[in-house]
Amino acid sequence: MSDKRASGRTGTDFIRQIVTAHMGEGRYEGVVTRFPPEPNGYLHIGHAKSLCLNFGIAQEFGGRCHLRFDDTNPETEELEYVEAIQGDIRWLGFDWGDHLYFASDYFERMYECAVVLVRKGLAYVDSSTEDEIREARGTVTEPGRPTRYRDRSVEENLDLFRRMRAGEFADGAHVLRGRIDLASPNMLMRDPVFYRIRHAHHYRQGDAWCIYPLYDYAHCLEDAFEGVTHSLCTLEFDNNREIYDWILDNVGFEEPRTHQYEFNRLNLEYTVVSKRKLRPLVESGYLAGWDDPRMATLAGLRRRGVPPEAIRLFADMVGVAKTESWVDPGKLEFATRDVLNRSAPRVMAVLDPLKLMITNLDEDAVEDLEAPYWPEDIPREGSRTVPFCRELLVERADFAEDPPKGFRRLVPGGEVRLRHAYVVRCDEVVKDPEGRVLELRCTYDPATRGGTSGGRRGIGTIHWVSARHALQAEVRLYDRLFSIPDPEELPDGGDLTDNLNPESLVVMRDARVEPSVAADAADTRYQFERTGYFWRDPVDGAGDALVFDRIVTMKDTWGRRLVAEPGSFSLRGGTAELKMETHPPVVTATGTGGDDVSPEARGAAQGARPQPSRERAGKRRADPELAVRMQRYVDELGLSSEDADVLTGTRAFSDFFEAALAEHAEAAVVASWMVNDLRGVMQGRAVEDLPFGGAELGRLAGLVGAGTVSRRAAKDVLAEMAEKGGDPVAVVARLGLEKLDDASALDAVVREVLAAWPEKVADFRAGKENLLGLFVGEVMKATRGTADPKAARARLLERLRAGS
RNA sequence: UGGCCCGUCGUCUAAUGGCAGGACACCGGUCUUUGGAACCGGCGGUGGUGGUUCGAAUCCACCCGGGCCAACCA
């Protein structure tokens, strides 16, 4: 395994930063991630993000990514899904090599781990009913209570657990629970169930087992067994991390072991991925299946023709963070167009044909025109011939008798260029008795062969096919399945179908495609010029029938304009987009979820005084001495009540403060160090676990007060003390952080800094004065924080002003 | 309501005490044999109030808002 990072994209998201840090410090030999699907459904776009993250990190860091089926629930899992999932992952472009695993293969080892916990008294067999257990677990505000089985002996637990495995009991008769903490504020720690009895047939294990482990127990062990280093999951598993660590630590896995990190899952607007919610749509036949091209499943996207590269690009664009995100599907569309623009040959197809007769051409004349597959800005070679003759078909939407302003297509008496062919003029419009346009009679200008303009300016271009030569085809125009950004936001008493976009599928049954496509591979992705990207439907278009799916529309600046001009129409634009304009999406039905705060609430927030925290107030009630101290800090020491509140949050913190005060009597200064700085370096530790005491902090404050150390450098000293302990005087000496008092030395640094940033200096002199912070920062950096920032600032200003 | 997580342009995401940047979307322009692509420009943001600091999106406190957790699902 190489420790060199693979070349290519190196993201800077927080997970990659953690991995980078771990690799830098040599914590693991190599990065091992995993993608752990449960084989009970199809993968969707959200899984794609996780796949890109896990496999991407493995690739970038020269590690590996396991594919592990998390098949611990025999009642929902099937072989069909494990095969489909593997196909989807390969299609997306990822390879797990030899590292294919199944959680069910670990059942024996998991059982042994459970025995270890039972022997340690950390797990017990509970024979309560499911309802009893739930009821005894308490609520988020009330602690749980033990059931009467919690204190069974180790021997009895061992015996019962063995017999559970042996099949002596019925489903639900007993469970194995962790013996952790029934009062934990984290509900998952209230003696979670590790094993349950299910006499069910497992698709891989058959009837070998009748006890099955639950997620929280199984997942961390699976990771640990495989030597996973970074176990990435979505935000909602945040609460599960505590149990993840508890089990691994208590089973005996030592550092460096796997750890769990949570990132934000992908939410796509206008789509739903919930299996449960989508199932009725599939079963009712509204959707053609789990691979319906309108679905956000990988199977659906694949059938639709979205290239896997586009999905990977999309995942990159979306990024990874910890904020709950709702992504506009326009981003996926952009990624799709971006890939297809470079890779899809252009051909012509007419979706809604209108006859166009070239009256100055002989009936049997046929001219083969050469038409390049690529526009000039795509550096690819290749062309096909398209037959040009008397009777043509053009797009009905490309003709208007009464054109909207700015219309650049065919109008009575007007001219238009036929792509790759000739300029034609519309001489006559033939209609049926109802007034419907039947045919356009035009004359062409032979001097404009190949589409040259013949001196005309500002002329439009439309696509066409030869009526005689074109191939008949069915074209399916797909649009977003739902009409509102969050389809799961239901109207009162409504269901998902209320939010369906009625025009998510429009079928053009009598479309015509230029004849050249007959010779192409069936999986060719095309751009039908001016209408969008298409390919043959891999299911219904697999045989002789030409059935095309629209992968994505063209970006449509004209159609966008038309929205503002009622009565107009567009040939490309999605209907949902039009809808969005006419019916602004209702974000919440109740009106409670928006980001607007009522004026009253805002006013109240502004006027609110800082409140002592509930937790600290509670501590002071329990310990009257703390309350006395808080009062004294305010009355005698003159501290703000906020600072006094924080300082008296625990006895230890308050003691620490008093010890510091004994060394340095300026209460406000010491309090500030405690409240604002010390808490920052504690990193979740309790104050009594710090490797230094109050006296040291007091001395540090004294050093700053005496001018021995700048406040800035003192923060670095504090950080060093928090990490390694030590007396501040010694740390200052060791690190060489005494304050820089030499004015000429400071001036030298100031000159160096200004010389190093000539453009910024110019910008500053041109008026961008907030650049001063940059310069001060550079001086502080150059002096490792030992300069006096005020002096540096003054000197910088002097030189900056002098030079203007 | 107890605990945990999270608040940066409309959306997604950078900035790890020192220049608030990028992408999508939107608007305008150039170019164009696709109303595409490309190129140029514009719009637009640190939830609030205090505090610490020479300097705060970043550290501290409080408030507000959003999410997750009380399956023998994952």
Side-chain angles (χ1 to χ4, degrees), chain A residues 12-13 17 38 40 70 72-73 76 130 133-134 137-142 144 171-172 175 184-188 190 193 195-198 212 214-215 219 235-240 242 262 264 269 317-319 321-328 330-331 334 337 341 346 375-378 406 408 417 419-420 450-453 459-463 527 529-530 554-559 561 572 593 595 597 601-602 604-613 640 642-643 645-646 672 675-677 679-680 711-712 760 763 768 770-778 780-781 788-790 792-793:
Chain A
T12 54
D13 58 77
Q17 285 178 31
E38 183 187 15
N40 70 345
D70 202 4
T72 57
N73 185 350
T76 58
E130 193 171 341
I133 290 176
R134 182 174 31 246
R137 183 135 43 215
T139 68
V140 290
T141 51
E142 303 158 34
D171 288 4
V175 291
S184 173
N186 181 352
M187 299 295 296
L188 291 171
R190 319 245 268 224
V193 174
Y195 273 93
R196 55 180 177 158
I197 301 172
R198 276 292 174 285
Y212 290 93
L214 265 13
Y215 173 85
H219 202 92
L235 254 23
E236 67 270 23
F237 288 94
D238 184 3
N239 294 316
N240 302 62
E242 195 176 358
E262 310 87 26
N264 58 350
E269 289 183 328
M317 289 171 67
V318 161
K322 293 197 81 162
T323 58
E324 190 75 20
S325 64
W326 281 90
V327 177
D328 184 332
K331 230 167 196 154
F334 171 86
R337 287 188 197 107
N341 177 48
R346 274 62 168 174
E376 283 202 344
D377 54 343
I378 304 291
R408 298 215 321 247
R417 173 166 40 222
R419 178 75 164 156
H420 302 303
T452 54
S453 69
I459 189 172
T461 301
I462 66 173
H463 57 278
Q527 182 191 106
E529 289 207 51
R530 302 207 308 131
M554 303 292 276
K555 183 174 164 192
D556 184 8
T557 48
W558 170 246
R561 267 181 58 192
R572 309 165 178 175
D595 55 356
V597 175
R602 204 183 296 269
Q606 274 173 0
R609 300 271 12 114
Q611 298 295 311
S613 88
S640 68
E642 291 98 309
D643 283 357
D645 171 38
V646 172
S672 170
V675 171
N676 295 303
D677 299 292
R679 291 167 71 78
R711 203 189 141 96
R712 168 59 183 270
K760 297 297 181 185
D763 288 350
K768 200 174 173 196
N770 64 346
L771 247 20
L772 185 58
L774 170 68
F775 299 132
V776 175
E778 288 302 309
M780 296 305 287
K781 212 180 290 173
D788 172 8
K790 277 187 210 160
R793 186 188 189 89

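In what follows, chains carry the letters A, B, and so on, assigned in the order in which the sequence lines appear, proteins first and then strands, with residues in each chain numbered from 1.
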Enquirer: Begin with the C-alpha distance, continue with both residues' side-chain angles, and end with the deciding distance and a verdict on side-chain contact (heavy atoms from CB on, under 4.5 Å) for A:N240 and A:Y215.
Expert: CA-CA 10 Å; A:N240 302 62; A:Y215 173 85; 4.1 Å; yes
Enquirer: Are OP1 or OP2 of B:U13 and a side-chain N or O of A:T323 less than 4.0 angstrom apart?
Expert: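 Yes, within the criterion.
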Enquirer: Taking atom C1' in both B:C24 and B:G45, compute the distance separating them and give it to the nearest angstrom.
Expert: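 So the two C1' atoms sit 15 Å from each other.
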Enquirer: Counting just side-chain N and O atoms, does A:R530 come under 4.0 Å of either OP1 or OP2 of B:G35?
Expert: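 So the side chain of A:R530 is within the cut-off, an N or O lying under 4.0 Å from OP1 or OP2 of B:G35.
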Enquirer: For a quick test of reading the model: is some side-chain N or O of A:R190 closer than 4.0 Å to OP1 or OP2 of B:A70?
Expert: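 The answer is no; no side-chain N or O of A:R190 sits under 4.0 Å from OP1 or OP2.
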Enquirer: Look at the side chain of A:S184 and the backbone N and O of A:N186, then say whether any donor-acceptor pair between them is shorter than 3.5 Å.
Expert: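 At least one qualifying donor-acceptor pair exists.
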Enquirer: Within the 4.0 Å heavy-atom criterion, would you say A:E38 contacts the bases, only the backbone, or no part of the nucleic acid?
Expert: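 Answer is sugar-phosphate: A:E38 comes under 4.0 Å of backbone atoms only.
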Enquirer: Roughly, in whole Å, what's the span from CZ in A:F237 to C1' in B:C5?
Expert: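 Going from CZ in A:F237 over to C1' in B:C5 covers 15 Å.
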Enquirer: Rounded to whole angstrom, note down the P distance from B:A56 over to B:G50.
Expert: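 To the nearest whole Å, 14 Å.
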Enquirer: Mind checking whether A:M317 and A:F334 have side chains closer than 4.5 Å, heavy atoms only?
Expert: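 Result yes, sub-4.5 Å side-chain heavy-atom pair found.
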Enquirer: Do NZ/NE/NH1/NH2 and the carboxylate oxygens of A:D788 and A:R711 come within less than 4.0 Å?
Expert: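 No, this pair does not count.
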Enquirer: Is the side chain of A:R408 donor-acceptor paired with the backbone N or O of A:I459 at a distance under 3.5 Å, no angle test?
Expert: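 Not at all, since once roles are kept as given, no pair shorter than 3.5 Å links the two residues.
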Enquirer: Between B:C60 and B:G18, how far apart are the P atoms? Round to whole Å, please.
Expert: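 One P to the other, the span is 15 Å.
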Enquirer: Taking 4.0 Å as the cut-off, does a side-chain nitrogen or oxygen of A:N264 come that near to OP1 or OP2 on B:C12?
Expert: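 For B:C12, OP1/OP2 do not have a side-chain N/O of A:N264 under 4.0 Å.
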Enquirer: Under 4.0 Å from OP1 or OP2 of B:A74: is there any side-chain N or O of A:T72 that close?
Expert: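 The answer is yes; a side-chain N or O of A:T72 sits under 4.0 Å from OP1 or OP2.
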Enquirer: Determine, stepwise, if the pair A:L774 / A:K760 fulfils side-chain contact (heavy atoms from CB on, under 4.5 Å).
Expert: CA-CA 9 Å; A:L774 170 68; A:K760 297 297 181 185; 3.9 Å; yes
Enquirer: Taking the nucleotide of RNA chain B with the nearest heavy atom to each, does A:D377 or A:L774 sit closer to the 5' end?
Expert: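 Per heavy-atom nearest nucleotide, the more 5' residue is A:L774.
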Enquirer: B:A74 base stacked by A:Y215? Criteria: ring centres under 5.5 Å, plane angle under 30°.
Expert: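 A:Y215 ring does not meet the centre or angle cut-off for B:A74; no stack.
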Enquirer: Using side-chain heavy atoms (C-beta onward) and a distance below 4.5 Å, is A:N341 in contact with A:I378?
Expert: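 A side-chain contact exists here, since the closest heavy-atom pair is under 4.5 Å.
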Enquirer: Between the base of B:G18 and the side chain of A:N770, is there any donor-acceptor pair under 3.5 Å?
Expert: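 Counting by modelled atom types and ignoring angles, no donor-acceptor contact under 3.5 Å is found here.
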Enquirer: Mind telling me if B:A70 is syn or anti? Syn here is a glycosidic angle within 90° of 0.
Expert: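 Here B:A70 takes the anti form, which means its glycosidic angle is more than 90° from 0.
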Enquirer: Using a cut-off of 4.0 Å on non-hydrogen atoms, how would the nucleic acid contact of A:V175 be classed: base, sugar-phosphate, or nothing?
Expert: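 A:V175: base contact, heavy atoms under 4.0 Å.
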Enquirer: For RNA chain B, just give me the dot-bracket, please: Watson-Crick or G-U, both distances below 3.5 Å, ( ) intra-strand, [ ] crossing earlier pairs, | paired with another strand, . unpaired.
Expert: .((((((..((((....[..)))).(((((.......)))))....(((((..]....))))))))))).....
Enquirer: Once you round to the nearest 0.5 Å, how far does CD of A:E262 lie from CG of A:N239?
Expert: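 Rounded to the nearest 0.5 Å, the CD-CG separation comes out at 9.0 Å.
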Enquirer: With rounding to the closest Å, how many angstrom separate the C1' atoms on B:G17 and B:A57?
Expert: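 11 Å, rounded to whole Å.
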Enquirer: Between B:C9 and B:G48, how many Å separate the two P atoms, rounded to a whole number?
Expert: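 After rounding to an integer number of Å, I get 10 Å for this pair.
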Enquirer: Among B:A37, B:U1, B:U34, which is the nearest nucleotide to the side chain of A:T141?
Expert: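 Ranking B:A37, B:U1, B:U34 by closest atom to the A:T141 side chain puts B:U1 first.
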Enquirer: Using a cutoff of under 3.5 Å, can you pull out all pairs of nitrogen or oxygen atoms linking the protein to nucleotides 53-55 of chain B, with atom names and distances?
Expert:
unit_1: B:C54; atom_1: O2'; unit_2: A:R793; atom_2: NH1; d: 3.3

Enquirer: Can you find a donor-acceptor N/O pair under 3.5 angstrom joining the side chain of A:N239 to the base of B:C68?
Expert: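 Yes, a donor-acceptor pair under 3.5 Å.
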Enquirer: A:T139 side chain to A:T141 main-chain N or O, any donor-acceptor pair under 3.5 Å?
Expert: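 Judged by distance alone, yes, a pair lies under 3.5 Å.
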Enquirer: For A:Y212 and B:C72, what is the distance between atoms OH and C1' respectively, to the nearest whole Å?
Expert: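 Computing the A:Y212:OH to B:C72:C1' distance gives 14 Å.
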Enquirer: For A:H219, which contact category applies under a 4.0 Å heavy-atom criterion: base, sugar-phosphate, or nothing?
Expert: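 It contacts nothing in the nucleic acid.
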Enquirer: Please determine if a side-chain N or O atom of A:R679 lies less than 4.0 Å away from the OP1 or OP2 oxygen of B:A61.
Expert: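 So the side chain of A:R679 is within the cut-off, an N or O lying under 4.0 Å from OP1 or OP2 of B:A61.
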Enquirer: Need to verify one output field. Residue with the more 5' nearest nucleotide on RNA chain B, A:G460 or A:V646?
Expert: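 Looking at the nearest nucleotide for each, A:G460 comes out on the 5' side.
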Enquirer: Could you give the distance separating B:U8 and B:A15 at their P atoms, to the nearest angstrom?
Expert: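 Straight-line distance between the two P atoms is 14 Å.
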Enquirer: Side chain of A:N264, backbone of A:E324: donor and acceptor closer than 3.5 Å?
Expert: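 Such a contact is absent between A:N264 side chain and A:E324 backbone.
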Enquirer: What's the CG-P distance between A:N676 and B:G17, to the nearest Å?
Expert: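 Atom CG in A:N676 sits about 16 Å away from atom P in B:G17.
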Enquirer: Round to a whole Å and report the spacing from CG of A:L771 to P of B:A20.
Expert: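 Value for this atom pair: 8 Å.
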Enquirer: Below the 4.0 Å mark, does B:C72 have OP1 or OP2 next to a side-chain nitrogen or oxygen of A:R137?
Expert: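 For B:C72, OP1/OP2 do have a side-chain N/O of A:R137 under 4.0 Å.
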Enquirer: Need one value for A:V675: base, sugar-phosphate or nothing, where a base atom within 4.0 Å counts as base even if backbone is also close, heavy atoms only.
Expert: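 Answer is sugar-phosphate: A:V675 comes under 4.0 Å of backbone atoms only.
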Enquirer: Does A:E269 contact B:U11 through a side-chain donor or acceptor facing the base, at a distance under 3.5 Å?
Expert: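 No pair found.
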Enquirer: Taking the P atom of each, how far is B:U49 from B:C40, in whole Å?
Expert: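 Approximately 38 Å lies between the P atom of B:U49 and that of B:C40.
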Enquirer: Does a side-chain N or O of A:T557 approach OP1 or OP2 of B:G36 to a distance below 4.0 Å, or not?
Expert: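 Answer yes for this pair, as a side-chain N or O of A:T557 is under 4.0 Å from OP1 or OP2.
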Enquirer: What's A:L214 touching, base or sugar-phosphate or nothing? Going by heavy atoms closer than 4.0 Å.
Expert: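 Contact class for A:L214: sugar-phosphate only.
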Enquirer: Pick the C1' atom in B:A74 and in B:C69, then give their distance to the nearest Å.
Expert: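 Rounded to whole Å, the distance is 14 Å.
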Enquirer: Base of B:C19, side chain of A:K760 - is there a donor-acceptor contact under 3.5 Å?
Expert: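 Side chain to base: pair present.
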Enquirer: Once you apply a heavy-atom cut-off of 4.0 Å, does A:R134 come out as touching a base, just sugar-phosphate, or nothing?
Expert: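 Sugar-phosphate contact only - A:R134 comes under 4.0 Å of backbone atoms but never of a base.
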Enquirer: If only atom types and distance count, is the side chain of A:R137 paired as donor or acceptor with the main-chain N or O of A:G144 below 3.5 Å?
Expert: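 No, A:R137 side chain to A:G144 backbone: no donor-acceptor pair under 3.5 Å.
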Enquirer: Are any side-chain N or O atoms of A:R346 and backbone N or O atoms of A:Q527, one a donor and one an acceptor, separated by less than 3.5 Å?
Expert: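 The answer is no, because no donor-acceptor pair under 3.5 Å joins these two groups.
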